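Remember, it's a predicted structure, so these values are computed and weren't measured experimentally. Below, chain A is the first sequence line, B the second, and so on; all start at residue 1.
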Amino acid sequence: MLFKRIVTMISRLNPSNPIEIRPIMKFSNLFVPTLKETPKDAEVVSHQLMIRAGLIRKSAAGIYSYLPLGLRVIQKFEAIVREEMNKAGAQEVLLPMVVPGKLWKKSARWDQYGRELLRFTDRKNQDFCLGPTHEEVITELIGSHITSYKQLPINVYQIQTKFRDEIRPRFGVMRSREFVMKDAYSFHETPEDLDLTYEAMHKAYVRIFERCQLRFKVVNADSGSIGGSESAEFMVTADTGEDEILETDSGYAANVEAAETVAIPDPEMEVGQPEAINTPGTKTIDALATFLNKSPETLVKTLIYITDDQEPIMILLRGDHTLNEPKLKNVLNGKGVRPAKEAEIVDICGVTPGFLGPLKTQKPCQVLVDHSVPLNGDLTVGANELDTHIVHVQLSRDCGLTERYDLRNAVPGDESPQGGTYKSTRGIEVGHIFKLGDKYSLAMDKTFLNANGKTAPFIMGCYGIGIGRTVAASIEQCHDEKGIVWPTELAPFHVDVIVAKPKDPEHTAIGDQLYKALLDSQWDTILDDRSDISVGVKFKDAELIGFPVQCVIGKITSETGEVELIKRDTGDRVSVKPDQVLSTINSWLIT
RNA sequence: CGGGGUGUGGCGCAGUUGGUAGCGCACCAGUUUUGGGAACUGGGGGCCGGAAGUUCGAGUCUUCUCACCCCGACCA
């Protein structure tokens, strides 16, 4: 070791003695720690295969190192993203990862964002955070330098490592705390101009994911904590996906969070007088339904939430429905909410959960009713008294309620306002585009002068793609029992030249020749020149890692002088003369 | 943050009523192998997650901690 280092030093000093270069495109030099066994802490296939194929290694929960092969895949995808973003008129920047706290205080998100924002102080005791997203930084930057409508629109993006201190990181690189993301931000004079860029980004995203040969859906979405009006998510379809998508035959699709429901009719009707009845131990809707021999949809479910400013909110849903928190938040004009704790519920209603209702609460409380619950209907609600419910309640008459809202989660089989009925599929969210409007430019007080010489806030859009996540989604969608099956554009190398008998100088020579010829072509090529292992290992590794093409110099070469080409996705095998290798690969990989 | 689980060589695991740590893979050396994760021989490697306690003696029992994983609320 030491000797080698000295030799290297001497060779550096003496130009006539060239430094020995070890190309990393040779397996014998490449750091690819493949694993025969599946690591026990990897749950989903993409995570298992990324570790087994030597793409990534875990450093801490939700924090990973990318190894040479994994990095190459990431870089391939980044290159596609760059190309399409640039083509769509965006320009690349690199914003700081460590963000001054004062920027986040300016937008008020320092207090809103919660513990996902990793905060710390420097030696001068100044607040900082690790950027989980960069609206503040970019608004400050662009807003400080763009002062006229003549300089608009502008669309900037970066590809950068973000950090979100997730409550529960999981699924490897798919939901990690540290992750690489492409985020773009556009600035406009008018909402109409934003529409143009939003559409351009939409088209660019479609092209990006199509180039990766992903099966995906564009879906209506809730804009979440980032804020803003319209937003769409790009979902790679996969049964293991974390998101539920509801779609109709007419082609409309939405994230469950955003899927709207239809109000059920609420005709005027006569209802008898309210009557308290004894319902011992019926703490759940199911128990109550069984006890009263009624179906859950005729019962009312009462939930208590607390807003960010500590106001209690009572939500009334049909017994068989569940609350959609983003919808509640939207009804409250974006105010944050959380479920009330038991002690708070007792404080507000005077009873523990199970017997809650809108009548006779201990404390006044805003009541919101889902539009599946008829205000004029004959309903059963909790009495705010232990083991008691009230029947024959008419919300319009007994509680003076007049408004209904869309508050519940849609479920498969529901009618969609867009026509047709919903059915459910699952997906992995790999991209998200938003119309932000003036939310951040107002918060950060960033304006420009418009054509009329008037001050106006920037109208903004923002557009994200999860880089690591997309790579994982691709594996999730394209693998078999042997390993990964890369689409051509993402493969770390396109061709794996396997020399089955490295001891045979003739074979080694053919391998070297093919390797060099392929290096001069458009195909990224790696040479499996390892001499100390059996062929079987080389085949297994090639399949595990998922190179689109294996080029084997071995038994067949000795017999006929031909080399064997194996296509990973179909398993097709052909034997060709060495001078036909390139044309065969071209015919296989160029679509 | 609630519920469940796991921590023992690089990886996957075993370890009995407490008696001083073992297996497979991987690794190193040598010989023989070479079209499907080779065979034989010989080796190297472990404060048994950490701390405290019980005991003559703790991987094993007790308490406390930490880390990681899985199921639910956040998000690219």
Side-chain angles (χ1 to χ4, degrees), chain A residues 33-44 47 51-52 57-63 81 113-117 132-133 159-184 205 221-226 231 233-236 242-243 255 257 305 322-323 325-326 329 336-339 341 427-434 462-473 482-483 498-504 507 530-544 550 552-559 564 566 573:
Chain A
T34 56
L35 256 35
K36 210 188 296 189
E37 286 169 293
T38 303
K40 64 164 182 179
D41 58 357
E43 186 77 356
V44 294
H47 186 194
I51 289 176
R52 287 228 291 138
R57 279 292 115 102
K58 186 171 72 177
S59 183
I63 299 176
V81 170
Y113 213 84
R115 285 201 301 280
E116 262 181 49
L117 186 65
T133 172
I159 295 177
Q160 193 214 32
T161 300
K162 308 249 183 255
F163 194 93
R164 293 184 192 168
D165 202 353
E166 291 274 348
I167 300 163
R168 182 147 99 88
R170 64 188 117 168
F171 303 149
V173 113
M174 204 129 71
R175 152 147 275 112
S176 49
R177 294 193 291 172
E178 191 179 283
F179 59 101
V180 179
M181 176 177 167
K182 187 282 310 182
D183 50 330
Y205 276 33
D222 179 79
S223 41
S225 66
I226 313 259
S231 96
E233 285 170 342
F234 291 73
M235 296 279 199
V236 168
E242 287 189 86
D243 290 281
N255 191 311
E257 287 178 1
Y305 270 70
T322 55
L323 176 70
E325 287 189 21
K329 200 172 159 184
V337 287
R338 61 168 174 85
K341 300 188 179 91
I428 300 163
E429 182 188 356
V430 291
H432 201 160
I433 56 178
F434 302 82
C462 100
Y463 321 92
I465 291 180
I467 302 290
R469 185 123 121 193
T470 305
V471 168
K482 292 173 181 168
I498 296 175
V499 181
K501 294 182 179 119
K503 296 256 165 67
D504 183 329
H507 284 192
R530 291 176 290 179
S531 57
D532 49 351
I533 54 169
S534 73
V535 243
V537 177
K538 298 185 185 187
F539 288 135
K540 293 288 182 193
D541 275 348
E543 285 156 349
L544 212 210
Q550 293 166 44
V552 186
I553 297 103
K555 198 171 61 185
I556 295 167
T557 316
S558 307
E559 291 161 3
E564 188 177 32
I566 305 169
R573 288 159 182 261

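Residue contacts shown for A:D243 include a base, since a base heavy atom lies under 4.0 Å away. Residue contacts for A:E429: at a heavy-atom cut-off of 4.0 Å it reaches the sugar-phosphate backbone alone, with no base atom in range. A:K503 comes within 4.0 angstrom of a nucleotide base, judged by non-hydrogen atoms across all strands.
Using P as the reference atom, B:G2 and B:G45 are 44 Å apart when rounded to the nearest Å. For the P atoms, the distance linking B:G3 with B:G12 amounts to 28 Å, nearest Å. For the P atom pair drawn from B:G44 and B:U32, the interatomic distance equals 24 Å after rounding to whole Å. Rounded to a whole angstrom, the distance from the P atom of B:U62 to that of B:A73 is 35 Å. One P atom belongs to B:C71, the other to B:G15, and the distance between them is 26 Å to the nearest Å. Taking atom C1' in both B:U55 and B:A38, the straight-line distance is 50 Å, to the nearest Å.
Checked against side-chain contact (heavy atoms from CB on, under 4.5 Å), A:P39 has the following partners two or more places apart in sequence or in another chain: A:L35, A:D41, A:I51, A:R52. Residues passing the salt bridge (Lys or Arg N to Asp or Glu O under 4.0 Å) test with A:E325: none are found, sequence neighbours excluded. Under the salt bridge (Lys or Arg N to Asp or Glu O under 4.0 Å) criterion, A:D165 pairs with A:R177, not counting sequence neighbours. With sequence neighbours left out, the ring-ring contact (aromatic ring centres under 6.0 Å, His included) criterion links A:F179 to no other residue. Remark: A:K182 engages A:Y205 in a side-chain hydrogen bond (donor to acceptor under 3.5 Å, both in side chains) (not counting sequence neighbours). For A:S534, the side-chain contact (heavy atoms from CB on, under 4.5 Å) partners are A:V537, not counting sequence neighbours. Here A:V180 pairs with A:E78, A:I159, A:T161, A:I467 under the side-chain contact (heavy atoms from CB on, under 4.5 Å) rule; sequence neighbours left out. In terms of the salt bridge (Lys or Arg N to Asp or Glu O under 4.0 Å) criterion, residue partners of A:R573 (sequence neighbours excluded) are, by chain and number, A:E564. Partners of A:R170 by side-chain contact (heavy atoms from CB on, under 4.5 Å), not counting sequence neighbours, listed by chain and number: A:R168, A:R175, A:E242.
Of the listed nucleotides (B:A76, B:G72, B:G12), B:A76 has the atom at the smallest distance from the side chain of A:F179.
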N/O to N/O distances under 3.5 Å, protein versus nucleotides 1-8 of chain B:
| from | atom 1 | to | atom 2 | distance (Å) |
| --- | --- | --- | --- | --- |
| B:U6 | O2' | A:K40 | NZ | 3.2 |

Open item on the list: Counting Watson-Crick and G-U wobble pairs with both distances under 3.5 Å, what is the dot-bracket string for RNA chain B, 5' to 3', using [ ] for crossing pairs and | for pairs to another strand?
Closed with: (((((((..((((.....[..)))).((((((.....)))))).....(((((..]....))))))))))))....
Task: Letter per nucleotide, 5' to 3', of nucleotides 35-42 of chain B [B base touched, S only sugar-phosphate touched, - untouched; heavy atoms, 4.0 Å] - done: BBBS----
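Nearest-nucleotide positions on RNA chain B place A:G62 closer to the 5' end than the other of A:G466 and A:G62.
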